[in-house]
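Each residue takes its place number in the sequence, starting with 1. These values consider heavy atoms only, across backbone and side chains, with no hydrogens, waters or symmetry-generated copies.
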Amino acid sequence: MRKNYFQSLIMMGMLIVIMIIAALMPVFAAELETRSWRQAFQVSISGFGQFTYGGFLNSEYGIAVGHYGEIRYTTDGGKTWKRSESETSCRYGLDIVNDKVAWNCGDADISVGRTVNGGTTWQTIADIGQRVPDHCRFISFPEESIGWVADLKKVKKTADAGKNWVELTMPAGCVDLLAIFLR
């Protein structure tokens, strides 16, 4: 008899919890509706060829990369975009570390580049990539000298600002990479 009494109490408690959750569902749904995405701002870059990737460190400083090695940077929230000096091929990945250092990657020949002066000039750091369609697409640098680059099948890492790269072993069953992010 005592066992049935405790089972009844547990069932009643579970029923009360379910009723409370059901009663609060409209509140949670309304809260989720108010948290929708909104566009913060839109920028256009006149004269830029084919833009492939861009990012902002803050509301003022941003970089955009594109085809044929074209790179632009802004220090006024996108009102004006200055052309960077770069001798590179198409760029597909970008990571901005701070207002001085940023990294990009792309098609072979010059697959990884870095700026240490806010985007004014870019240096070739490593030619470790492949040609399209197996080119470097993703890049992530949580610090100035520590980062990863990846194409769809391989990830490489550096701990010395790109002087040396080590290929990482992919997890079993991994077919294609869709992104990397080291924050």
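Residue Cys90 holds its SG atom at 6.0 Å from OH of Tyr68, rounded to the nearest 0.5 Å.
Screening residues 163-179 for salt bridge (charged side-chain N to carboxylate O under 4.0 Å, His left out), with sequence neighbours left out, gives Lys153-Asp176. For residues 52-70, every residue pair satisfying the salt bridge (charged side-chain N to carboxylate O under 4.0 Å, His left out) rule, not counting sequence neighbours, is listed here: Glu70-Arg72, Glu70-Arg83. Annotation: ring-ring contact (aromatic ring centres under 6.0 Å, His included) contacts involving residues 85-106, sequence neighbours excluded, comprise His67-Tyr92, Tyr92-His135, Trp103-Phe141. Applying the ring-ring contact (aromatic ring centres under 6.0 Å, His included) rule to pairs touching residues 143-183 yields nothing, sequence neighbours excluded.
Partners of Arg137 by salt bridge (Lys or Arg N to Asp or Glu O under 4.0 Å), not counting sequence neighbours: none found. The side-chain hydrogen bond (donor to acceptor under 3.5 Å, both in side chains) check on Thr158 picks up Asp160, with sequence neighbours excluded. The side chain to side chain contact (heavy atoms under 4.5 Å, CB included) search around Thr121 returns Glu85, Asn117, not counting sequence neighbours. Listed by chain and number, the residues in a side-chain hydrogen bond (donor to acceptor under 3.5 Å, both in side chains) with Ser86 amount to none (sequence neighbours excluded). Phe51 is linked by a ring-ring contact (aromatic ring centres under 6.0 Å, His included) to Phe48, counting only residues two or more places apart in sequence or in another chain. Thr80 pairs by the side-chain hydrogen bond (donor to acceptor under 3.5 Å, both in side chains) definition with Asp76, not counting sequence neighbours. Applying the side-chain hydrogen bond (donor to acceptor under 3.5 Å, both in side chains) rule to Asn98 yields the partners Glu144; only residues at least two apart in sequence or on another chain are considered.
In plain terms, the two heavy atoms of Cys136 and Val149 that are nearest each other are SG-CB, 3.8 Å. Of all the heavy atoms in Lys82 and Thr75, the pair that sits closest is NZ-OG1, 4.0 Å. Taking both residues in full, the closest heavy atoms of Gly147 and Pro142 are given as CA-CD, 4.4 Å, listed atom of the first, atom of the second, then distance. Closest of all the heavy-atom pairs between Ile125 and Arg114 is CG1-CB, 3.6 Å.
Considering only heavy atoms from C-beta on, Met170 comes within 4.5 Å of Val155 through its side chain.
Side-chain N or O atoms of Thr52 include one that pairs as donor or acceptor with a backbone N or O of Arg91 at under 3.5 Å. Using modelled atom types, no side-chain atom of Thr115 and backbone atom of Ala102 make a donor-acceptor pair closer than 3.5 Å.
Grouping Ile, Leu, Val, Met, Phe, Trp and Tyr by side-chain contacts under 4.5 Å, direct or through others, puts Trp122 with Tyr53, Leu57, Tyr61, Ile63, Val65, Ile71, Tyr73, Leu94, Ile96.
Clustering ILVMFWY residues whenever any of their side-chain heavy atoms sit less than 4.5 angstrom apart, transitively, puts Leu182 in a cluster other than the one holding Ile139. Criterion: ILVMFWY side-chain heavy atoms under 4.5 Å apart, direct or through other members. Under it, Ile180 and Ile146 are not part of a common hydrophobic cluster.
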